[in-house]
Amino acid sequence: MGDPQRKAALYEAFARTGKALSSGKRLELLDLLAQGERTVDALARAAGLNLTTASAHLQTLKQAGLVATRRDGVRIHYRLAGDDVAALYALLRQVARTHQAEVEPARAAYLGTDDAEEVDREELLARAQAGGVVVLDVRPAEEYAAGHIPGAISIPVDELAERVAELPDDAGVVAYCRGAYCVLAYDAVRLLHARGRKAVRLTDGMLEWRLAELPVDSGAVA
């Protein structure tokens, strides 16, 4: 039958991972880290946290083995401990959406509801290969530099209103951001439609693109 105490210790070890995931802000930090390595300062700003709170959440994630660190002088850089952590995060969201009635209305309230067209990854690849489409990355520039869809151009959503003229008039736009629950692409498409531009969204984003093991380019905008 096995030793009950050893069995309990094993399941408690499993539970530590679950406990680390039992915070919305810690999940948001994982979402940010799925885009690439970041400092504590950068994570705190992006997640709307003070440094003390951000550090405490990151330490919890580190103790559970979900994130790893490296030191660069006085700065500590965090990253996901592995692609399996990104996959776990993506699966957790999918399970929640499938089995929790509260998720869908919360998703709609955050992202907004509209009739904008969406395309999946296969359709995006087909359109890009056929030409006549602009793949637009609307994430912050540092996330684009950490990894982006090959051929995508970078215009962060908070700069898009002033830079619409950089997009060719005769091409449709496919906008993407961090993942399936990222509002940036929604905001970008709404803005482009208001300016009379043809634009659609990628159904998900960079998280799912990486997990599908599709090609990724890195480096800042030239």
Side-chain angles (χ1 to χ4, degrees), residues 28-39 41-48 77 79-80 86 90 107-108 110-222:
E28 186 176 351
L29 291 170
L30 291 179
D31 188 57
L32 291 166
L33 288 170
Q35 307 302 308
E37 184 181 76
R38 293 201 188 195
T39 64
D41 289 358
L43 287 165
R45 287 194 302 270
H77 297 254
R79 65 184 184 276
L80 295 186
R107 186 200 69 81
Y110 174 55
L111 298 177
T113 56
D114 55 38
D115 57 358
E117 181 187 352
E118 293 185 328
V119 298
D120 59 21
R121 294 186 296 271
E122 291 73 18
E123 179 66 17
L124 170 58
L125 288 168
R127 292 192 184 192
Q129 290 170 0
V133 67
V134 173
V135 182
L136 178 63
D137 188 317
V138 297
R139 298 173 299 157
E142 63 269 23
E143 296 181 18
Y144 175 88
H148 54 267
I149 294 174
I153 65 171
S154 173
I155 304 180
V157 70
D158 57 2
E159 301 175 14
L160 185 57
E162 297 177 354
R163 298 176 60 186
V164 169
E166 297 178 25
L167 299 171
D169 292 327
D170 58 349
V173 173
V174 179
Y176 75 92
C177 53
R178 291 167 179 152
Y181 298 90
C182 176
V183 75
L184 304 181
Y186 282 76
D187 289 344
V189 169
R190 282 189 279 260
L191 186 153
L192 290 170
H193 284 175
R195 298 296 182 89
R197 296 299 189 99
K198 296 182 294 183
V200 301
R201 289 188 301 267
L202 182 62
T203 52
D204 42 46
M206 204 62 215
L207 168 64
E208 295 84 0
W209 187 275
R210 287 180 183 274
L211 290 174
E213 299 182 346
L214 291 169
V216 174
D217 282 351
S218 60
V221 181

Peer 1: Pairs in or reaching into residues 179-192: which pass salt bridge (Lys or Arg N to Asp or Glu O under 4.0 Å), with residues at least two apart or in two chains?
Peer 2: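 Listed once each, the pairs are D114-R190, D187-R190.
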Peer 1: Do you know which two heavy atoms are closest between P215 and P150, and how far apart they sit?
Peer 2: O-CD, 3.2 Å
Peer 1: Determine the minimum heavy-atom distance between L32 and A46, stating which atoms define it.
Peer 2: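 So the two residues come closest at CD1-CB, 3.7 Å.
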Peer 1: If the condition is side-chain contact (heavy atoms from CB on, under 4.5 Å), which residues does C182 pass it with, not counting sequence neighbours?
Peer 2: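 Scan of C182 (side-chain contact (heavy atoms from CB on, under 4.5 Å), adjacent residues dropped) gives C177, R178, L184.
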Peer 1: Rounded to the nearest 0.5 Å, how far apart are CG of L207 and CG of L33?
Peer 2: 12.0 Å
Peer 1: By side-chain contact (heavy atoms from CB on, under 4.5 Å), which residues pair with H193, not counting sequence neighbours?
Peer 2: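 Partners of H193 under the side-chain contact (heavy atoms from CB on, under 4.5 Å) test: A116, V189, A199.
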Peer 1: Applying ring pair (Phe, Tyr, Trp, His ring centres under 6.0 Å), which residue pairs with at least one partner in residues 135-177 are found, sequence neighbours left out?
Peer 2: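 Non-adjacent pairs meeting ring pair (Phe, Tyr, Trp, His ring centres under 6.0 Å): Y144-H148.
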Peer 1: Answer whether the closest heavy-atom distance between the side chains of L191 and V164 falls below 4.5 Å.
Peer 2: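 Heavy-atom side-chain distance check passes, below 4.5 Å.
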Peer 1: How would you list, by chain and number, every residue that makes a side-chain contact (heavy atoms from CB on, under 4.5 Å) with R127, sequence neighbours excluded?
Peer 2: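 By the side-chain contact (heavy atoms from CB on, under 4.5 Å) rule, R127 matches E117, V119, E123, V133, V200.
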Peer 1: Walk me through it: do D137 and I149 pass the test side-chain contact (heavy atoms from CB on, under 4.5 Å)?
Peer 2: CA-CA 8 Å; D137 188 317; I149 294 174; over 6 Å; no
Peer 1: Can you tell me how far the CG atom of L43 sits from the CG atom of L30, to the nearest 0.5 Å?
Peer 2: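 If we round to the nearest 0.5 Å, L43:CG and L30:CG are 10.0 Å apart.
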Peer 1: Tell me, please, which residues at least two apart from E37 pass salt bridge (Lys or Arg N to Asp or Glu O under 4.0 Å).
Peer 2: R70
Peer 1: For D170, check side chain to side chain donor-acceptor pair (under 3.5 Å) against everything at least two apart and list the hits.
Peer 2: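 None.
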Peer 1: Other residues, nucleotides and ligands only: do more than 12 of their heavy atoms fall within 6.0 Å of CD on E122?
Peer 2: yes
Peer 1: Which residues pass the side-chain contact (heavy atoms from CB on, under 4.5 Å) test with T203, not counting sequence neighbours?
Peer 2: E118, D120
Peer 1: How far apart are the closest heavy atoms of L80 and A34, and which atoms are they?
Peer 2: CD1-CA, 3.7 Å
Peer 1: Which distance, rounded to the nearest 0.5 Å, do you find between the CD of Q35 and the CZ of R139?
Peer 2: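 That separation rounds to 5.0 Å.
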Peer 1: Please find the pair of heavy atoms, one from A175 and one from A185, that lie closest to each other, and give the distance.
Peer 2: O-CB, 4.0 Å
Peer 1: Go through the structure and list residues passing side chain to side chain donor-acceptor pair (under 3.5 Å) with R45, not counting sequence neighbours.
Peer 2: none
Peer 1: Please confirm whether the backbone N or O of G179 pairs with a side-chain atom of W209, one donor and one acceptor, at under 3.5 Å?
Peer 2: no
Peer 1: Does NZ or CZ of R107 come closer than 6.0 Å to the centre of the six-membered ring of Y181, within 45° of the ring's axis?
Peer 2: no
Peer 1: Step by step, work out the side-chain contact (heavy atoms from CB on, under 4.5 Å) result for R197 and V173.
Peer 2: CA-CA 8 Å; R197 296 299 189 99; V173 173; 5.7 Å; no
Peer 1: Could you list the donor-acceptor pairs under 3.5 angstrom formed by side chains in residues 152-161, with sequence neighbours left out?
Peer 2:
| unit_1 | atom_1 | unit_2 | atom_2 | d |
| --- | --- | --- | --- | --- |
| E159 | OE1 | R163 | NH1 | 2.6 |

Peer 1: Going by salt bridge (Lys or Arg N to Asp or Glu O under 4.0 Å), name the pairs with one or both residues in residues 146-157, residues two or more places apart or in two chains.
Peer 2: none
